[in-house]
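Report on the structure given below.
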Amino acid sequence: MSTLAVTITGVAGIRRALRPLLEPELSKELDAATRSAARVYAKALRSELRPVSRRMARAVRVKRARRERPGWIVGSNRKIAPFWPYVIRGTRDHGPKKAKMLVWTAGGRTITAHRVRGVPANPIVQRVADRVEARALADAERQFVRGTGL
């Protein structure tokens, strides 16, 4: 995603000329445009995640950014898919530091192992971002132009 920032320094006449572009109405239009782009991205991410994990696909959410407004964030809900980072970034081989074995239960069976193989990273979010970026930007621009009447 890209960020738009406007800083004006200089002559007061330039400030007066650009004042209409910095009004709250413009912020509302930028907010609507970035929300629209985030929704396009989230929809593509959900469809890409569904074959990997339905739970991860359900965990995709779009929320308002706390800083750098107007902005929206596409992320995951940790309560629905707490394993999200392990799939995206992968894991390394690991085992116990002090004990001789790992012991856990799965499906009513007790499993023991000295070490656990890591999981390779699946950078699905980056792949979707690369593929959908142009479409999301075009949608944001279309939404902004429609809202401002430019």
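Predicted, not measured: the structure shown is a model, and the values here were computed from it.
The closest side-chain heavy-atom distance from Tyr41 to Val125 is below 4.5 Å. When side chains are defined from C-beta on, Val119 does not count as touching Val87, because their heavy atoms never get closer than 4.5 Å.
Judged purely by atom type and a 3.5 angstrom limit, Thr34 uses its side chain to pair as donor or acceptor with the backbone of Leu30. No donor-acceptor pair under 3.5 Å is formed between the side chain of Arg89 and the backbone N or O of Ala121. Between the Thr105 side chain and the Gly108 main chain, no donor and acceptor come within less than 3.5 Å of each other. In this structure a side-chain-to-backbone donor-acceptor pair under 3.5 Å is missing from His94 to Arg115.
Across all non-hydrogen atoms, the minimal contact from Trp84 to Met56 is CZ3-O, 3.4 Å. Contact between Pro96 and His114 at its shortest, heavy atoms only, is CD-O, 3.4 Å. Contact between Gly71 and Asp31 at its shortest, heavy atoms only, is N-OD1, 4.3 Å. For the residue pair Gly118 and Asp93, the shortest heavy atom distance occurs at N-OD1, 2.6 Å. Counting all heavy atoms, side chain and backbone alike, Val74 lies closest to Ala38 at CG2-O, 3.5 Å. In terms of heavy atoms, Ala33 sits closest to Ala140 at CB-O, 3.3 Å.
Within 6.0 Å of the CZ atom in Arg78, the count of heavy atoms belonging to other residues, nucleotides or ligands does not exceed 12. Applying the 6.0 Å contact sphere to CZ of Arg54 captures no more than 12 heavy atoms from other residues, nucleotides or ligands.
We find the NZ-OG1 distance between Lys100 and Thr112 to be 13.5 Å, quoted to the nearest 0.5 Å.
Sorted by first then second residue, the salt bridge (Lys or Arg N to Asp or Glu O under 4.0 Å) pairs that include residues 32-52, not counting sequence neighbours, are Glu48-Arg131.
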### Query
How far apart are the C-alpha atoms of Leu102 and Val116, what are their side-chain angles, what is the distance that settles it, and do they pass the side-chain contact (heavy atoms from CB on, under 4.5 Å) test?
CA-CA 9 Å; Leu102 290 169; Val116 179; 3.2 Å; yes
### Task
Might you work through the side-chain contact (heavy atoms from CB on, under 4.5 Å) test for Ile111 and Val103, ending with a clear yes or no?
CA-CA 6 Å; Ile111 301 169; Val103 180; over 6 Å; no
#### Entry: Check against side-chain contact (heavy atoms from CB on, under 4.5 Å), Asn122 and Tyr86
CA-CA 9 Å; Asn122 185 355; Tyr86 305 119; over 6 Å; no
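Looking at Asp139 and Arg142, a side-chain N of the basic residue comes within less than 4.0 Å of a carboxylate O on the acidic one, giving a salt bridge.
Under 3.5 Å, the side chains of Asn77 and Arg58 contain no donor-acceptor pair of N or O atoms.
Ile73 is not connected to Val60 by any chain of hydrophobic side-chain contacts under 4.5 Å among Ile, Leu, Val, Met, Phe, Trp and Tyr, and they are in different clusters. Grouping the Ile, Leu, Val, Met, Phe, Trp and Tyr side chains by contacts below 4.5 angstrom, directly or via other members, places Phe83 apart from Ile80.
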